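See structure below.
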Amino acid sequence: MHAWPASEVPALPGQGRDLRIHDTATGGLVTLDPGPVARIYVCGITPYDATHMGHAATYNAFDLVQRVWLDTKRQVHYVQNVTDVDDPLLERAERDGVDWVALAEKETALFREDMTALRMLPPQHYIGAVEAIPGIVPLVERLRELGAAYELEGDIYFSVESDSHFGSVSNLDAAAMRLLSAERGGDPDRPGKKNPLDPMLWMAAREGEPSWDGGSLGRGRPGWHIECVAIALDHFGMGFDVQGGGSDLAFPHHEMGASHAQVLTGEFPMAKTYVHAGMVALHGQKMSKSKGNLVFVSQLRRDGVDPAAIRLALLSHHYRADWEWTDEVLRDAMARLDRWRAAVSRPDGPSADALVEEIRGALANDLDAPAALAAVDRWAQRQETEGGTDTGAPGVVTRAVDALLGVAL
Ligand code: 5CA
Ligand code: ZN
C-alpha cells in the first residue's frame with residue numbers, strides 16, 4: 001500500500017554523529033554501525049483507534065533514529081507494516097457493526113494524515129498483512145518442513161523449542177513470558193500445545209471470518225508474528241540494523257518474530273539491535289485501545305493544535321521513559337513553540353554553531369530529545385535577553401530543528 005508524503009530534511013553544516021542507543025537484547029547501550037544504507041523495520045499499527053499519543057510517541061522515537069542517520073549522510077531504508085487483519089481488528093469491526101476492510105482502510109488513511117502532519121518520515125515500503133499473505137504461506141510451510149511447526153485442530157503453531165536462541169530478545173523467564181503471552185494475544189492455556197508459549201503461525205478459517213488460500217496449510221489467515229517476519233525478510237533478509245516498536249512488543253512479538261526468522265534461515269540474529277519505546281499513559285494507565293483512555297492526534301488537530309506543538313510534546317519526554325499525557329504537557333509544548341518561533345523570526349541572533357552540535361550530541365546519546373530541547377531553549381533565551389549579530393543564526397536554528405527534530409518553525 002502507499003505510505004505518506006515525505007517532508008524535506010534540510011542538510012546541516014558539519015558532521016553528524018553515530019547513534020548510541022539502548023538495545024533490549026543486550027540490555028545496554030550500543031553504538032550502531034549501519035552501512036551506507038541503514039535498514040530499519042518498525043512495527044506498524046493495527047488499524048483501529050489510530051493515531052493515539054502512544055502510537056505517535058513510538059513513531060516519533062524511530063523518526064529520530066532516521067534523522068540521526070540522515071545527518072550522517074547515510075540513506076535510510078525504512079519498512080513498516082499495517083496489521084490489517086488480526087483478531088482485535090475483526091472484533092472491533094464486529095462490535096461497531098462495520099466492515100473490517102473499510103475500518104482498516106479508514107484508520108490507515110487517518111494514520112497517514114497524522115504522520116504527515118507530524119512530519120514523520122514515511123517508510124519506503126508500507127506493507128499490509130493481507131498483501132503479505134502470499135509471502136507468509138511458504139514461510140509457514142518451510143517451518144513445518146523443518147519440524148519447527150505443528151498442527152492443532154487445523155491451526156498451525158510454531159514450536160519455541162526449535163530455536164536455541166529463543167528468549168534472547170526480551171531475556172524474560174518462563175513465568176513472565178507466560179503472563180505476557182496471555183495478555184498480548186497469545187493462548188498459553190489452550191490444551192494440546194507442546195509449549196504454552198508457542199504462537200500461532202496460521203489460523204484455520206473460522207466461520208464468518210475472512211480467510212485466504214494457504215496452499216498446503218488450508219484456508220486460513222496468518223498469525224501476527226510471522227506477518228512482520230515475512231515483510232522484514234522480504235525487504236532486508238537477516239541482520240538488518242534495527243527492529244523497533246513500543247516496549248509492549250519486546251515480548252512476545254519481537255521475541256517470536258526473531259525465533260521464526262532464525263529457524264527459517266539458520267542465521268542469528270534477525271535484527272542487530274532491538275529498540276523499544278516507553279509507554280504513554282493517560283489518567284494513570286497505559287493508553288490503550290482496550291481501556292479506551294485515548295487522546296488522538298487527529299482530535300487535537302481538529303481542535304486547532306499546531307502539529308509542531310504535538311511533536312514538541314512528544315519530544316519533551318525521553319523515548320524510553322513511561323510517561324503520562326496531560327493537558328499541561330501540551331500547554332508547555334505550545335508555549336515552547338511560541339518562544340522558539342519568536343526567537344527565529346528575528347533577522348539575527350547569537351551564533352547557533354554550538355547549538356547544532358549540542359542537538360547532535362543529545363540525540364546521538366540514546367535519543368535524548370529532552371536535552372536537545374533544553375539546548376534550543378537556552379539559545380532562544382539568549383536571543384531574547386542578549387540578542388546577537390549573526391545573521392545566519394535564525395536560519396541555522398530553523399533548519400537544525402527541522403532536520404533533527406522534525407519540528408517546522
Ligand atoms: N500491529 C502491531 C505491531 S506489528 C501493533 O502493535 N499495533 S498497535 O496499533 O497496537 O501499536 C502500534 C505501535 O504503537 C506499537 O509499536 C506499540 O508498541 C505502540 N504503542 C501502543 N500503545 C502505546 C502506548 N500507550 N505508548 C507507547 N506506544 C504504544
Ligand atoms: Zn510487528
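When a ligand or atom number is given, it counts from 1 through the structure's own listing order. In this text, all values refer to a predicted model and were calculated from it rather than measured experimentally. Position 1 is the first residue of the sequence; numbering continues from there. Scope of the values below: all heavy atoms of this structure, side chains included, with no hydrogens, waters or symmetry mates.
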Could you tell me the residue and atom name of the protein heavy atom closest to [atom], and the distance to it rounded to 0.1 Å?
atom: atom 26 (N) of ligand 1; answer: V280 N, 2.9 Å
atom: atom 2 (C) of ligand 1; answer: G44 O, 3.3 Å
atom: atom 22 (N) of ligand 1; answer: H52 CE1, 3.4 Å
atom: atom 14 (O) of ligand 1; answer: H55 CD2, 3.4 Å
atom: atom 12 (C) of ligand 1; answer: Y59 OH, 3.4 Å
atom: atom 24 (C) of ligand 1; answer: G54 CA, 3.4 Å

Short list, please: which atoms of ligand 1 are under 4.0 Å from a heavy atom of [X]?
X: K286; value: 25 (N)
X: T58; value: 16 (O), 19 (C), 27 (C), 28 (N), 29 (C)
X: D248; value: 17 (C), 18 (O)
X: G245; value: 16 (O)
X: T83; value: 1 (N), 2 (C), 4 (S)
X: C43; value: 3 (C), 4 (S)

For this session: Tell me whether C43 has at least one N, O or S atom under 2.8 Å from the Zn ion (ligand 2).
Result: yes

For this session: Using the side-chain hydrogen bond (donor to acceptor under 3.5 Å, both in side chains) rule, take T26 and D23 through it: C-alpha gap first, then chi angles, then the decisive distance, then the call.
Result: CA-CA 6 Å; T26 52; D23 171 34; 2.7 Å; yes

Problem set entry | Under 3.5 Å: N/O of L249 near N/O of ligand 1 | no

Problem set entry | Any N/O pair M279/ligand 1 closer than 3.5 Å |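 The answer is no, given that M279 and ligand 1 share no N or O pair closer than 3.5 Å.
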
Exercise. Could you give the distance from CG (N60) to NE2 (H317), rounded to the nearest 0.5 Å?
Worked result: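 One gets 11.5 Å once the value is rounded to the nearest 0.5 Å.
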
Exercise. Could you give the distance from CG (D99) to CD (E94), rounded to the nearest 0.5 Å?
Worked result: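 Nearest 0.5 Å value for the CG-CD distance: 11.5 Å.
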
When you look for heavy atoms under 4.0 Å from ligand 1, do you find them on the side chain of [X], its backbone, both, or neither?
X: E227; result: neither
X: N81; result: side chain
X: C228; result: side chain

For residues [X] and [Y], establish whether the separation of their ring centroids is below 6.0 Å.
X: H52; Y: F296; value: no
X: H254; Y: H276; value: yes
X: H2; Y: Y126; value: no

Exercise. Has K289 got its NZ or CZ under 6.0 Å from the middle of the six-membered ring of Y48, at an angle within 45 degrees of the ring axis?
Worked result: yes

Seminar exercise, completed: the Zn ion (ligand 2) -> H253, closest N, O or S atom is NE2

Problem set entry | Non-hydrogen atom of A50 closer than 4.0 Å to ligand 1 |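 The answer is no, since A50 has no heavy atom less than 4.0 Å from ligand 1.
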
Problem set entry | Short N-O contact, D49 and R92, less than 4.0 angstrom |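 Answer for the salt bridge query: yes.
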
Exercise. Is the H253 ring parallel, tilted or perpendicular to the H225 ring (thresholds 30°, 60°)?
Worked result: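 Aromatic pair H253/H225 classed tilted.
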
For this session: Classify the angle between the aromatic ring planes of H55 and Y59 as parallel (below 30°), tilted (30 to 60°) or perpendicular (above 60°).
Result: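 The rings of H55 and Y59 sit tilted, inter-plane angle from 30° to 60°.
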
For this session: Nearest heavy atom to atom 9 (O) of ligand 1 wins, so pick from H253, K289, K291, M287.
Result: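 Among H253, K289, K291, M287, the closest heavy atom to atom 9 (O) of ligand 1 belongs to K289.
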
